[in-house]
*Asks:* 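If you scroll down you'll find the structure; I have some questions about it.
Predicted, not measured: the structure shown is a model, and the values here were computed from it.
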Amino acid sequence: MKNIREHEAQHREPDAPGCAVPATAAEALPEGHRATRDRVARSILDHGPSSAADLANRLGLTPAAVRRHLDGLAAAGLVDAREQRVYGSRGRGRPAKVFALTDSGRSAFYQAYDQLAADALRWISETAGGGSAGEEAVAAFARARLARQGERYQDALEAAGAEQRAEALAEALSADGYAATVRRVPPAAAAPAAPAGAQLCQHHCPVAHIAEQFPQLCEAETEVFSQLLGTHVQRLATIAHGDGVCTTYVPASGAAPSPVRAPGAVPTAGTSPIENGSSARRNLA
């Protein structure tokens, strides 16, 4: 089970230097309160829509304590309240209020989507014959998928000025769950009049576990960023590679790509200007 607290904390990984962490809606709860809130959500998952009284009886809590936790889960968008469905004749009085998990609440628990995606990509690779042909087949899928994602961002980036496209891309990525921010990078001391570049930081990656096995996903994303921003970009770090934040350097308009990377960051295979991405990919067979 993926813990509810992980959903609320938006995967607070250690941060890459220079990347500001976006604000989250997570509450600063004592550990015991977090564990109890997890139990409340798990009980709803196991037993279906439940009233506060039902939850209190099952968990050995007071109704007042259950309501406090339900309020917190509702504020985080993990549960919502509805009238209890009554089958047959309804007695007097208003129907009891029950609490059910939202789609976000369900997704906070473990689901087998990662394994399904990995199996599908592995099947694509094997069907293409494995080896380099299999790798290219997975890369073609990744490029097609990311191209469709990029098409949804195109209008927002075209509406932004040339110097604000990185911020527009970060906003679009955040709407898709990537928790992206932008940090402007000052020009080098040797050329103080040169325009500053930017670091695009993604503090969360919904496909990080799959990208660990199939780095073509990261490579295709980098290509799409380059197309959307109209300049060569350089991937400095990725969550899938073990870094705390996915960090992409975006040079200023007309500037050459910067070889400078954040301290401790390791470039992902295929993102360095001098590397051939296919040579560093993992064996998918």
*Asks:* Write down the atom of Ser104, the atom of Gly77, and the distance for their closest heavy-atom approach.
*Replies:* CB-O, 3.8 Å
*Asks:* Okay, side chain of Arg39, backbone of Leu59: is any donor-acceptor separation there less than 3.5 Å?
*Replies:* yes
*Asks:* Is there side-chain contact between Cys246 and His203, with at least one heavy-atom pair below 4.5 Å?
*Replies:*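 They are not in contact (no side-chain heavy atoms under 4.5 Å apart), so the answer is no.
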*Asks:* Check Ala52 against Leu70 and note the closest heavy-atom contact, atom names and distance.
*Replies:* CB-CD1, 4.1 Å
*Asks:* Once rounded to the nearest 0.5 Å, what's the spacing between atom CZ of Phe99 and atom CG of Leu55?
*Replies:* 8.5 Å
*Asks:* Under the side-chain contact (heavy atoms from CB on, under 4.5 Å) rule, what do Leu169 and Tyr153 come out as? Steps first, then yes or no, please.
*Replies:* CA-CA 7 Å; Leu169 178 55; Tyr153 300 164; 3.7 Å; yes
*Asks:* Please round to the nearest 0.5 Å and tell me the distance separating atom CG of Asp176 and atom CD of Gln202.
*Replies:* 11.0 Å
*Asks:* So, taking the atom named CG in Asp119 and the one named CD1 in Ile124, what distance separates them when rounded to the nearest 0.5 Å?
*Replies:*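 Answer rounded to 0.5 Å: 11.5 Å.
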*Asks:* How about Glu158 and Gln154: does a side-chain donor come under 3.5 Å of a side-chain acceptor?
*Replies:*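 Present: a donor and an acceptor within the cut-off.
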*Asks:* Once rounded to the nearest 0.5 Å, what's the spacing between atom CG of Leu78 and atom CZ of Arg37?
*Replies:*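 Answer rounded to 0.5 Å: 9.0 Å.
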*Asks:* Say you draw a straight line from OG1 of Thr127 to CH2 of Trp123; how long is it, rounded to the nearest 0.5 Å?
*Replies:* 4.0 Å
*Asks:* Start with the C-alpha gap between Asp243 and Thr247, add the side-chain angles, then the distance that decides, and say whether side-chain contact (heavy atoms from CB on, under 4.5 Å) holds.
*Replies:* CA-CA 9 Å; Asp243 301 295; Thr247 307; over 6 Å; no
*Asks:* Would you say that Leu173 contacts Gln149 through its side chain, given a criterion of any heavy-atom pair below 4.5 Å between the two side chains?
*Replies:* yes
*Asks:* Test of understanding: clusters of I, L, V, M, F, W, Y form through side-chain heavy atoms closer than 4.5 Å, transitively. Do Ile210 and Leu116 belong to the same one?
*Replies:* no
*Asks:* Using side-chain heavy atoms (C-beta onward) and a distance below 4.5 Å, is Pro251 in contact with His232?
*Replies:* no
*Asks:* Keeping Thr181 on the side-chain end and Ala179 on the backbone end, is there a donor-acceptor pair under 3.5 Å?
*Replies:*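 Here the side-chain-to-backbone pair does not exist.
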*Asks:* Could you walk me through whether Arg42 and Asp46 pass the salt bridge (Lys or Arg N to Asp or Glu O under 4.0 Å) check?
*Replies:* CA-CA 6 Å; Arg42 180 73 207 202; Asp46 290 341; 3.1 Å; yes
*Asks:* Would you mind reporting whether Leu146 and Glu223 have side-chain heavy atoms less than 4.5 Å apart?
*Replies:*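 Heavy-atom side-chain distance check fails, nothing below 4.5 Å.
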*Asks:* A side-chain contact here means heavy atoms from C-beta on lying under 4.5 Å apart; do Leu229 and Leu157 qualify?
*Replies:*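 Side chain of Leu229 against side chain of Leu157, heavy atoms only: contact under 4.5 Å found.
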*Asks:* I'd like to know if the side chain of Ser125 reaches the main chain of Leu121, judged simply by a donor and an acceptor atom lying under 3.5 Å from each other, with no hydrogens or angles considered.
*Replies:*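 No.
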*Asks:* Given salt bridge (Lys or Arg N to Asp or Glu O under 4.0 Å), test Arg184 with Glu167 step by step and report yes or no.
*Replies:* CA-CA 10 Å; Arg184 289 290 163 179; Glu167 283 80 2; 2.8 Å; yes
*Asks:* Please find the pair of heavy atoms, one from Phe214 and one from Arg122, that lie closest to each other, and give the distance.
*Replies:*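 Looks like CZ-N, 3.8 Å.
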*Asks:* Of the non-hydrogen atoms in Val185 and Gln199, which two are nearest, and what is the gap between them?
*Replies:* CG2-CG, 3.7 Å
*Asks:* Would you say Arg143 and Arg148 make side-chain contact, with heavy atoms under 4.5 Å?
*Replies:* no
*Asks:* Flag the pair Cys205 / Val207 as yes when at least one side-chain heavy-atom distance between them is below 4.5 Å, and no otherwise.
*Replies:* yes
*Asks:* Under 3.5 Å, is there a donor-acceptor pair between the side chain of Asp114 and the main chain of His209?
*Replies:*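 No, Asp114 side chain to His209 backbone: no donor-acceptor pair under 3.5 Å.
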*Asks:* Please report the closest heavy-atom contact between Cys218 and Ala240, naming both atoms and the distance.
*Replies:* SG-CB, 4.3 Å
*Asks:* So how far is it from Glu171 CD to Gln164 CD, rounded to the nearest 0.5 Å?
*Replies:*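 Here the interatomic distance stands at 11.0 Å.
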*Asks:* Do His47 and Asp54 pass the side-chain contact (heavy atoms from CB on, under 4.5 Å) test, and can you show the C-alpha distance, the side-chain angles, and the key distance before you say yes or no?
*Replies:* CA-CA 10 Å; His47 298 273; Asp54 291 335; over 6 Å; no
*Asks:* When you measure from the side chain of Ser174 to the backbone of Ala180, do you find a donor-acceptor pair of N or O atoms at a distance under 3.5 Å?
*Replies:* yes
*Asks:* Backbone N or O of Val98 within a donor-acceptor pair of the Ser51 side chain at under 3.5 Å?
*Replies:*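 Answer holds: no.
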*Asks:* Before giving the answer on side-chain contact (heavy atoms from CB on, under 4.5 Å), spell out for Glu221 and Tyr178 the whole-Å C-alpha distance, their side-chain angles and the decisive distance to 0.1 Å.
*Replies:* CA-CA 12 Å; Glu221 183 180 70; Tyr178 290 84; 3.9 Å; yes
*Asks:* List the atom of Val182, the atom of Ala170, and the distance in Å for their closest heavy-atom pair.
*Replies:*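 Between these two residues, the closest heavy atoms are CG2-CB, 3.7 Å.
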*Asks:* Thr36 and His69: side chain to side chain donor-acceptor pair (under 3.5 Å), yes or no, with the steps?
*Replies:* CA-CA 8 Å; Thr36 303; His69 289 298; 4.6 Å; no
*Asks:* Looking only at the side chains, is there a donor atom on one of Arg165 and Thr231 sitting less than 3.5 Å from an acceptor on the other?
*Replies:* no
